[in-house]
Amino acid sequence: MKAIDAIKNRVSCREYSDKKVSLKKLQMILEAGQAAPSACNRQIADITAVRKGVYINKIRDLSKRLMNRDVMYGASTIVLVHAPKEDAFCAQDCSCIIENMMVAATSLKIDSCWINQFDELLSTTEAKKLRKSLGIPDNHRVVGSVALGYRKDGAVIQIKAKDGINIAIN
């Protein structure tokens with residue numbers, strides 16, 4: 001798929017099937033994240049891919065208990081993007097990584113959804129041990145994450161507005 005087509009065709013999926021993303025395709029998506037630009041090319045962000053059932057189930061159970069829902073929408077892979085909280089460009093750098101990964105996923109015919117609840121969820125006392133197990137330092141902020149998988153049959157997807165953002169050429 002051409003890059004421009006992947007960008008234009010990316011949509012958010014909020015209902016995933018049980019089909020797993022292959023390790024090869026996941027690696028390609030993660031490498032696209034690594035290729036994202038960063039402020040002053042400092043590359044301060046880290047990417048943590050979670051696909052082991054034990055961790056996925058712990059995250060899902062935690063979100064159901066603390067947020068009354070599965071924040072991963074049933075996805076079997078979640079990619080957390082985090083960086084030092086005190087860095088002035090933490091949010092921007094992580095956001096570039098997330099966007100690159102979602103576009104790469106689309107090009108590989110893998111569905112995705114940007115999820116923002118993980119910093120709040122993994123900052124709770126209840127999640128301290130899980131956060132440590134995932135290798136996310138205490139001084140890092142989880143800026144966002146990407147749910148990855150394949151759309152469940154019949155799942156409704158978010159349709160983009162054709163003219164939602166104004167464009168001006170001067």
Side-chain angles (χ1 to χ4, degrees), residues 1-17 19-52 55-56 59 63 71-123 131 134-137 139-152 155 157-167 169:
M1 184 181 293
K2 291 181 181 176
I4 197 73
D5 292 333
I7 291 167
K8 287 182 173 183
N9 291 309
R10 194 211 62 77
V11 294
S12 294
C13 176
R14 291 187 174 85
E15 197 172 1
Y16 293 88
S17 72
K19 183 179 176 185
K20 300 211 183 291
V21 174
S22 74
L23 192 53
K24 181 180 178 181
K25 287 185 178 183
L26 176 60
Q27 186 64 37
M28 293 169 73
I29 292 167
L30 299 175
E31 287 171 0
Q34 283 182 308
S38 69
C40 303
N41 196 31
R42 293 176 301 129
Q43 305 294 325
I44 55 124
D46 290 324
I47 301 169
T48 302
V50 183
R51 63 191 306 249
K52 283 187 178 177
Y55 291 123
I56 291 293
I59 293 169
S63 75
V71 298
M72 299 184 309
Y73 302 107
S76 60
T77 301
I78 192 80
V79 181
L80 307 167
V81 183
H82 50 96
K85 293 176 190 178
E86 69 281 350
D87 191 89
F89 299 105
C90 169
Q92 294 89 331
D93 286 1
C94 290
S95 296
C96 287
I97 291 168
I98 291 167
E99 179 68 10
N100 268 23
M101 289 190 300
M102 291 192 319
V103 171
T106 299
S107 76
L108 296 169
K109 299 187 179 355
I110 295 170
D111 294 297
S112 66
C113 187
W114 185 316
I115 301 173
N116 287 314
Q117 289 84 3
F118 280 94
D119 192 54
E120 178 185 349
L121 191 65
L122 293 174
S123 294
R131 182 183 180 104
L134 295 173
I136 301 171
N139 71 327
H140 275 212
R141 172 181 165 207
V142 179
V143 172
S145 60
V146 181
L148 294 170
Y150 297 92
R151 187 176 311 141
K152 191 173 189 176
I157 57 167
Q158 172 190 336
I159 304 299
K160 291 183 183 182
K162 295 289 182 199
D163 300 314
I165 297 173
N166 293 323
I167 299 173
I169 301 174

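Positions are given from 1, in the same order as the sequence printed here. Just so it is clear, the model here is predicted, and its values are computed rather than measured.
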Sole candidate of Lys24, Lys25, Glu31 that passes side-chain hydrogen bond (donor to acceptor under 3.5 Å, both in side chains) when paired with Gln27
Glu31
Hey, could you give me the CZ/CG distance between Arg151 and Asp111, rounded to the nearest 0.5 Å?
4.0 Å
Closest heavy-atom pair, Cys113 versus Met102, reported as atoms and distance to 0.1 Å, is C-SD, 4.2 Å
For residues Gly144 and Trp114, report the shortest heavy-atom separation together with the two atoms involved.
CA-NE1, 4.1 Å
According to salt bridge (Lys or Arg N to Asp or Glu O under 4.0 Å), who are the partners of Arg51, at least two apart in sequence or on a separate chain?
none
Side chains of residues 81-95: which donor-acceptor pairs under 3.5 Å do they make with residues two or more places apart or in other chains?
residue, atom, partner, partner atom, Å
His82, ND1, His140, ND1, 2.8
His82, NE2, Thr48, OG1, 2.8
Lys85, NZ, Asp138, O, 3.4
Asp87, OD1, Arg42, NH1, 2.7
Asp87, OD1, Arg42, NH2, 3.3
Asp87, OD2, Arg42, NH2, 3.1
Asp87, OD2, Phe89, N, 2.8
Asp87, OD2, Cys90, N, 3.4
Asp93, OD1, Ala39, N, 2.9
Ser95, OG, Ala91, O, 2.7

Contact between Ile29 and Val146 at the side-chain level, heavy atoms closer than 4.5 Å - yes or no?
no
Note, Phe118 side chain near Ile59 side chain (heavy atom, < 4.5 Å)
yes
Value rounded to 0.5 Å, distance of CG in Leu80 from CD1 in Ile136:
4.5 Å
Please report the interatomic distance CD(Gln34) to CE(Met101), rounded to the nearest 0.5 Å.
10.0 Å
With distance as the sole test, does Asp119 use its side chain to make a donor-acceptor pair with the main-chain N or O of Val142 at under 3.5 Å?
yes
Hey, could you give me the CG/CG distance between Leu30 and Asn100, rounded to the nearest 0.5 Å?
12.0 Å
Step-by-step side chain to side chain contact (heavy atoms under 4.5 Å, CB included) determination, Ser123 to Arg141:
CA-CA 9 Å; Ser123 294; Arg141 172 181 165 207; over 6 Å; no
Would a distance-only check, ignoring hydrogens and angles, find a side-chain to backbone donor-acceptor pair under 3.5 Å from Ser17 to Tyr150?
yes
Nearest non-hydrogen partners of Gly33 and Ile47, listed with the distance:
C-CD1, 4.0 Å
Looking at Ala45 and Ile97, what are the two nearest heavy atoms and their distance?
CB-CD1, 3.5 Å
Atom pair CD1 (Ile7) and OG1 (Thr106), whose distance is rounded to the nearest 0.5 Å
9.5 Å
How long is the span from the CD1 atom in Ile98 to the OG atom in Ser145, to the nearest 0.5 Å?
7.0 Å
Tell me, do Ile78 and Val71 make a side-chain contact under 4.5 Å, heavy atoms counted?
no
Specify the closest pair of heavy atoms between Tyr73 and Cys13, including all atoms of both residues, with the distance to one decimal.
CD1-O, 4.5 Å
To check you understand the geometry: which heavy-atom pair defines the closest contact between Ile110 and Gly149, and what is its length?
CG2-O, 3.4 Å
